[in-house]
A.B. asks: 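Have a look at this one before I ask anything.
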2 protein chains.
Amino acid sequence: MALRHAVLAALLDGEYSGYQLAKAFDVGVANFWHALPQQLYAELAKLEREGLVSGRQIVQETRPNKRLFRVTDAGLAELERFAADAPRPSFMRDDLVVKVQAVDGVADPAPVIEQLLERARVAEAKTELFIGLLGRLRGPLDEAEFLARGERVGPYLTCLGGIGFERAYLEWCHRVVALLRAREEARRG
Amino acid sequence: MALRHAVLAALLDGEYSGYQLAKAFDVGVANFWHALPQQLYAELAKLEREGLVSGRQIVQETRPNKRLFRVTDAGLAELERFAADAPRPSFMRDDLVVKVQAVDGVADPAPVIEQLLERARVAEAKTELFIGLLGRLRGPLDEAEFLARGERVGPYLTCLGGIGFERAYLEWCHRVVALLRAREEARRG
DNA sequence: GCTTCCATGTAAGAGGTTACATGATTGG
DNA sequence: CCAATCATGTAACCTCTTACATGGAAGC
């Protein structure tokens, strides 16, 4: 039951439609939570029924109509309650890590190496994206200034976390690839 | 459908019971996948029905009987197939990150700071655990030697990844805590 | 005596993924 | 002309979590 809180947290930035949220929670982008569009539409409907968000219809002519949502006072109270709750520990569940764990049980490590390289490219792309986002968040201020006196530092901090995570992942990918290649050469040569 | 592959990967090390696997996939330890005991018992039963693992009963006198499982040839083939499959991207889903994202929407950041400090302690404890595990995995060899010529480097590599991840998380926790505290002081003073 | 460890499950419910459905508009 | 973007959902399915159940042995 934390998707609801992720949605509420995202809506602290302003009004968004399900579609816009879906992009923010997308596979390639999501710096603090991931969810599919279907989940978001369902969750928004539920949150609205419970009075934690309120939506208003925007009639558009050249495009489909949309509904913009904002957090209600009850929603803010729910977030406050959530923040004070004991967090459930977060879990590692990553296909690629399982493949590396199993890498010396399989005959051919080549596909794993390929996937590590692809994941490294993804990490680099995400990092650049995040760095751009940091710049937009902090506006004209420099980082120290923004962090000390900016109004909304939450997204900035999670973005910094995302960069740190991606850099750690990138380094690991490179290290594992170098090692698997060295072992392959040793085996053949 | 990746829990099955995580189980197969874990069983590459030798024969284990559901109970032993449950400890390895436990909340506090799990360095490459997390799962609850119930999931593992169910998954092992399923894997056995499908012939990917085979179990043998160990009758014990002072303790309950147990079943030890090992990977079959069909299981190895399944792992091989899995390793070559396109990986599904791994997702960020972490309560604590959501709380930080929302931290400037809530009145009192104190509980979030407390949780970040606790998470930092967990990261340190896990890191020590992982370092101990590395030592046991590499045995008498030094790291370079083991990585170059050791037989089973998969678990070593995922453990290195776990250490890198925990260190990144730890640094982020410290940074966020320092910042939130500075802002609290500025707000009050 | 109380807790923890060993050892294995069942059942119900919450949460997440995959597949499907619709339809105009904008860009290459 | 084909693909992507905008915009919102439903339905079926799979996975994961929570709660419950059992019972002896070893340690404090």
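Note on naming: letters A, B, ... go to the chains in the order of the sequence lines (proteins, then strands), and numbering restarts at 1 for each one.
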A.B. asks: B/Q57 CD to C/dT8 C1': how many Å, rounded?
C.D. replies: 11 Å
A.B. asks: Measure CG/B/L21 against P/C/dA7 and give the value in whole Å, please.
C.D. replies: 12 Å
A.B. asks: Take atom CG of A/D95 and atom C1' of C/dT17, then tell me their distance rounded to the nearest Å.
C.D. replies: 13 Å
A.B. asks: For D/dA7, does either OP1 or OP2 sit under 4.0 Å from a side-chain N or O belonging to A/K23?
C.D. replies: no
A.B. asks: For A/W33, enumerate each residue passing the ring pair (Phe, Tyr, Trp, His ring centres under 6.0 Å) test, keeping only those at least two apart in sequence or located in another chain.
C.D. replies: none
A.B. asks: If a protein heavy atom is under 4.0 Å from the base, mark B; if only from the sugar-phosphate, S; if neither, -; do that for nucleotides 15-28 of chain D going 5' to 3'.
C.D. replies: SSBBB---B-S---
A.B. asks: Could you identify which residues cluster with A/M1, counting Ile, Leu, Val, Met, Phe, Trp and Tyr as linked when any side-chain heavy atoms lie under 4.5 Å apart, either directly or through a chain of such contacts?
C.D. replies: none
A.B. asks: Only pairs under 3.5 Å count here: list side-chain donor-acceptor contacts from residues 128-136 of chain A, not counting sequence neighbours, and write none if there are none.
C.D. replies:
none

A.B. asks: Using salt bridge (Lys or Arg N to Asp or Glu O under 4.0 Å) as the criterion, list what pairs up with B/E171, not counting sequence neighbours.
C.D. replies: none
A.B. asks: Just checking, is any N or O donor in the side chain of B/T127 or B/E166 under 3.5 Å from an acceptor N or O on the other one?
C.D. replies: no
A.B. asks: How many Å lie between CZ on A/F69 and P on D/dT8, as a whole number?
C.D. replies: 7 Å
A.B. asks: Does the structure place the NZ or CZ of B/K66 under 6.0 Å from the centre of the six-membered ring of B/Y19, at an angle of no more than 45° from the ring's axis?
C.D. replies: no
A.B. asks: In chain order, what residues pass the ring pair (Phe, Tyr, Trp, His ring centres under 6.0 Å) check against A/F25, with sequence neighbours excluded?
C.D. replies: A/F32
A.B. asks: Looking at residues 4-20 of chain A, who's got a heavy atom less than 4.0 Å off DNA chain D?
C.D. replies: A/S17, A/G18, A/Y19
A.B. asks: Taking only residues two or more places apart in sequence, or in another chain, which ones meet A/F146 in a ring pair (Phe, Tyr, Trp, His ring centres under 6.0 Å)?
C.D. replies: A/Y156
A.B. asks: Using the test side chain to side chain donor-acceptor pair (under 3.5 Å), find all partners of A/R49 that sit at least two apart in sequence or belong to another chain.
C.D. replies: none
A.B. asks: If we fit an axis to the first five pairs and another to the last five of the helix from C/dG1-D/dC28 to C/dG28-D/dC1, what angle do they make, to the nearest 10°?
C.D. replies: 60°
A.B. asks: Who passes side chain to side chain donor-acceptor pair (under 3.5 Å) against A/Q20, sequence neighbours left out?
C.D. replies: A/S17
A.B. asks: Provide, to the nearest angstrom, the distance between the CG atom belonging to B/D26 and the P atom belonging to C/dC6.
C.D. replies: 12 Å
A.B. asks: Name all pairs fulfilling the salt bridge (Lys or Arg N to Asp or Glu O under 4.0 Å) condition that reach into residues 146-155 of chain B, sequence neighbours left out, sorted by first residue then second.
C.D. replies: A/D104-B/R152, B/D13-B/R152, B/E145-B/R149
